[in-house]
2 protein chains.
Amino acid sequence: MGGRLRRLSDRIDRDAKSIYEKMGVEFEQRWFPVFNCLRGGEALSVTEISDRLGISHVSVSVTRKSLEAAGLVTSTQDKSDGRRSVLALTSRGETLSMELGPLFAALDLAAADLNADAGNAITAIERLEKALDTKSLSERAGLFLKES
Amino acid sequence: MGGRLRRLSDRIDRDAKSIYEKMGVEFEQRWFPVFNCLRGGEALSVTEISDRLGISHVSVSVTRKSLEAAGLVTSTQDKSDGRRSVLALTSRGETLSMELGPLFAALDLAAADLNADAGNAITAIERLEKALDTKSLSERAGLFLKES
DNA sequence: GACATATTCGTAACCAGTTACGTAATGATA
DNA sequence: TATCATTACGTAACTGGTTACGAATATGTC
């Protein structure tokens, strides 16, 4: 079950990757979530981004390094809190953001299209997440075990 | 989107893992798919298993090594085809299979329970897989791009 | 029987996430 | 002000999958 979801996610990621390749754009799919947070000029710290995306700060940290290496993002130390490192798009990043705008929009539409085809699978996944929040798989299994 | 699914799958895997730990059973979640194929005494080759599970033979190969190291599975070279390596449960594997039977059944029920709570999320995921089969995300996005 | 092609499987390298743990900066409290 | 807890972030190791590639065996054709 878990593995199945993983494979599905891998598939989607690979598919998205192939789009950038086909279009000859130098953009890596794994950059997207962080990059997207910074689009529009907002400057955010690592933790702020990880909170927004619901992933670990480590994951953001790694993506950030890659984005900095690509010259799309810069970081500056927060003056009022030396622990925080604040990220923002470079001008090159902004330019790319503009260029990629239509593609991102198309991907959005494609996702919506897919979701419609699949009978609101995304909503179902959200429900799955919520159902797990209220009662974990292990709790559920524990109950069934005691019964037998 | 892809990442989100991945995290969900990780969560389920970790949850399943915690069950084995709680019950004090020495069984790793990643063993399950291959182990389950071999339950009931059937002997299968690496490729047969990977086909059944819809995963790469490499993944099966790695799991196999781990299962052999744990003494739960043995492999013998096929006499009529020297390339094939045929896997089967050892007697220890069979014993464990019996012991774990109720737990596996409980997990099955738990998954069904979860699915019901989530309004047939699993069916939705299946639909998502099918929808991707008929038209990939990149194809869909390509269409929307041309329109604009 | 020899050679080209296909199949089975394994090793190595990679991927995007994670946890575990350490460090530096901040904040709170005595 | 000294110390202790908390917070922000980074590095390292691991996870469960993948692709790329190579070796051994089998198969088909001349």
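Chain A is the first sequence line, chain B the second, and so forth, proteins listed ahead of strands; every chain is numbered from 1.
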J.: Can you tell me if the side-chain N/O atoms of A:Thr47 get under 4.0 Å from OP1 or OP2 in D:dC9?
T.: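 Yes, A:Thr47 has a side-chain N/O under 4.0 Å of OP1/OP2 on D:dC9.
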
J.: Polar pairs (N or O, both sides) under 3.5 Å between protein and nucleotides 11-13 of chain C?
T.:
residue : atom : partner : partner atom : Å
C:dT11  : OP2  : B:Lys65 : NZ           : 3.3

J.: Dump every N/O contact between nucleotides 25-28 of chain C and the protein below 3.5 Å, one line per pair.
T.:
residue : atom : partner : partner atom : Å
C:dA25  : O3'  : A:Gly82 : N            : 3.4
C:dT26  : OP1  : A:Gly82 : N            : 2.9

J.: With a 4.0 Å cut-off on heavy atoms, is A:Thr63 in touch with a base, just the backbone sugar-phosphate, or nothing at all?
T.: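 No contact.
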
J.: Residues in side-chain hydrogen bond (donor to acceptor under 3.5 Å, both in side chains) with A:Glu68, at least two apart?
T.: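 Expected list: A:Arg64, A:Ser75.
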
J.: Do B:Gln29 side-chain atoms and B:Lys17 backbone N/O form a donor-acceptor pair below 3.5 Å?
T.: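 No, B:Gln29 side chain to B:Lys17 backbone: no donor-acceptor pair under 3.5 Å.
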
J.: D:dT19 P sits how many Å from A:Lys17 NZ, rounded?
T.: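 Between P of D:dT19 and NZ of A:Lys17: 11 Å.
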
J.: Any side-chain N or O of B:Ser56 below 4.0 angstrom from OP1/OP2 of D:dG17?
T.: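 B:Ser56 to D:dG17 OP1/OP2: no side-chain N or O under 4.0 Å.
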
J.: Does C:dC9 have OP1 or OP2 sitting under 4.0 Å from an N or O in the side chain of B:Ser85?
T.: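 So the side-chain polar atoms of B:Ser85 never come under 4.0 Å of the phosphate oxygens OP1 or OP2 of C:dC9.
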
J.: Counting side-chain heavy atoms from CB outward, which of D:dG16, D:dG17, D:dC9 is closest to B:Ser59?
T.: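 Side chain of B:Ser59 sits closest to D:dG17.
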
J.: Go nucleotide by nucleotide along DNA chain C from the 5' end; which of B:Glu48 and A:Ile55 gets its closest nucleotide reached first?
T.: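 Upstream on the strand: B:Glu48.
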
J.: Please round to the nearest 0.5 Å and tell me the distance separating atom CG of A:Asp51 and atom OG of A:Ser45.
T.: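 Atom-to-atom, A:Asp51:CG and A:Ser45:OG are 8.0 Å apart.
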
J.: Roughly how many Å is it from CD in B:Gln29 to P in D:dG17, rounded to a whole number?
T.: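 Distance check: B:Gln29 CD to D:dG17 P gives 9 Å.
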
J.: Applying the side chain to side chain contact (heavy atoms under 4.5 Å, CB included) test to A:Arg52, which of A:Leu44, A:Val34, A:Val60 qualifies?
T.: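 Result: among A:Leu44, A:Val34, A:Val60, A:Leu44 is the only option passing the side chain to side chain contact (heavy atoms under 4.5 Å, CB included) with A:Arg52.
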
J.: Would you mind reading off the distance between B:Arg30 atom CZ and D:dC14 atom P, rounded to a whole angstrom?
T.: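 Taking CZ of B:Arg30 and P of D:dC14, I get 13 Å after rounding.
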
J.: Hey, which of B:Asp78, B:Thr47, B:Thr76 is the one that makes side-chain hydrogen bond (donor to acceptor under 3.5 Å, both in side chains) with B:Arg84?
T.: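 Per the side-chain hydrogen bond (donor to acceptor under 3.5 Å, both in side chains) rule, the option paired with B:Arg84 is B:Asp78, out of B:Asp78, B:Thr47, B:Thr76.
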
J.: Which whole-number value in Å describes the distance from B:Arg84 CZ to D:dT27 C1'?
T.: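 Checked: the CZ to C1' distance equals 15 Å.
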
J.: List the steps, then state whether side chain to side chain contact (heavy atoms under 4.5 Å, CB included) holds for A:Leu89 with A:Val73.
T.: CA-CA 4 Å; A:Leu89 293 187; A:Val73 160; 3.9 Å; yes

J.: Do the two ring centres, one from A:Phe32 and one from A:Tyr20, sit under 6.0 Å apart?
T.: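 No - the distance between ring centres of A:Phe32 and A:Tyr20 does not fall below the 6.0 Å cut-off.
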
J.: Can you measure B:Leu87 atom CG to C:dC9 atom C1' for me and round it to whole angstrom units?
T.: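 Those two atoms, CG and C1', are 11 Å apart.
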
J.: Can you check whether B:Phe27 reaches B:Leu103 side chain to side chain, under 4.5 Å on heavy atoms?
T.: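 Side-chain contact under 4.5 Å: no.
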
J.: For the pair A:Thr95 (side chain) and A:Ser91 (backbone), establish whether a donor and an acceptor sit closer than 3.5 Å, ignoring hydrogens and angles.
T.: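 Judged by distance alone, yes, a pair lies under 3.5 Å.
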
